[in-house]
Amino acid sequence: DCIIHALSDNITYLKYRSFLQNSFLDTCKEWKFCPNPNCNSAIKSKRNIVLLACHCNTPLCTSCMDKFHWPLKCGENKKWAIKTKAKLILNDPK
């Protein structure tokens, strides 16, 4: 890590660090990125509790690690997100 940092420019090094973090999160199911697009934090899932909050104050569902969606179940929330995304695309004035 120190050698790569010394031999590369700052942008390349930050991309490398981001790649390492993403690779780790892809292989470790209990760690996920915060679903807030303005936050880059990784959060460890604690399955014994229902609600978890990132340091950016985004409430998270510990089952699916998405934004907290009570009273919807995780599957229902996924279907709702797909439905509303499709509706937004249809209504897009572009």
Side-chain angles (χ1 to χ4, degrees):
D1 194 52
C2 294
I3 295 170
I4 292 172
H5 191 242
L7 295 176
S8 63
D9 61 90
N10 202 30
I11 293 171
T12 304
Y13 178 71
L14 290 174
K15 286 181 182 178
Y16 166 73
R17 293 293 299 171
S18 179
F19 171 77
L20 283 181
Q21 184 179 19
N22 291 343
S23 297
F24 171 75
L25 292 176
D26 285 344
T27 60
C28 195
K29 293 186 188 248
E30 66 223 12
W31 285 88
K32 299 288 180 193
F33 273 117
C34 174
N36 181 345
N38 299 320
C39 181
N40 279 337
S41 295
I43 303 159
K44 186 173 183 179
S45 172
K46 298 179 179 180
R47 298 266 176 188
N48 55 346
I49 58 172
V50 179
L51 174 63
L52 186 65
C54 178
H55 79 276
C56 70
N57 292 325
T58 300
L60 305 165
C61 168
T62 56
S63 293
C64 64
M65 292 303 285
D66 201 355
K67 287 185 180 176
F68 194 65
H69 48 76
W70 183 87
L72 297 176
K73 294 179 180 172
C74 298
E76 295 168 336
N77 183 54
K78 232 177 217 183
K79 288 178 186 174
W80 179 253
I82 292 167
K83 185 176 183 177
T84 54
K85 185 176 182 180
K87 193 174 184 179
L88 286 173
I89 291 170
L90 289 174
N91 292 334
D92 192 2
K94 289 184 195 176

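Any value given below was found using the heavy atoms of this structure, including those in side chains, with hydrogens, waters and symmetry copies removed.
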> Can you confirm whether C39 sits close enough to H55 that some side-chain heavy atom of one is under 4.5 Å from a side-chain heavy atom of the other?
yes

> What closest approach, in Å, do T58 and C56 show between heavy atoms, and which atom pair accounts for it?
OG1-SG, 3.0 Å

> Give every donor-acceptor pair under 3.5 Å between a side-chain atom in residues 65-77 and any protein atom, sequence neighbours left out.
from, atom 1, to, atom 2, distance (Å)
D66, OD2, N77, ND2, 3.4
H69, ND1, L72, O, 2.7
E76, OE1, K73, N, 2.8

> Quick one: side-chain contact (heavy atoms from CB on, under 4.5 Å) partners of T12, sequence neighbours excluded?
S8, D9

> At what distance, to the nearest 0.5 angstrom, does CG of N36 lie from SG of C54?
7.5 Å

> Once rounded to the nearest 0.5 Å, what's the spacing between atom CD1 of I82 and atom NZ of K79?
9.0 Å

> Under the side-chain hydrogen bond (donor to acceptor under 3.5 Å, both in side chains) rule, collect the residues that match up with S18, sequence neighbours excluded.
none

> Just to verify, what does A53 make a side-chain contact (heavy atoms from CB on, under 4.5 Å) with, not counting sequence neighbours?
none

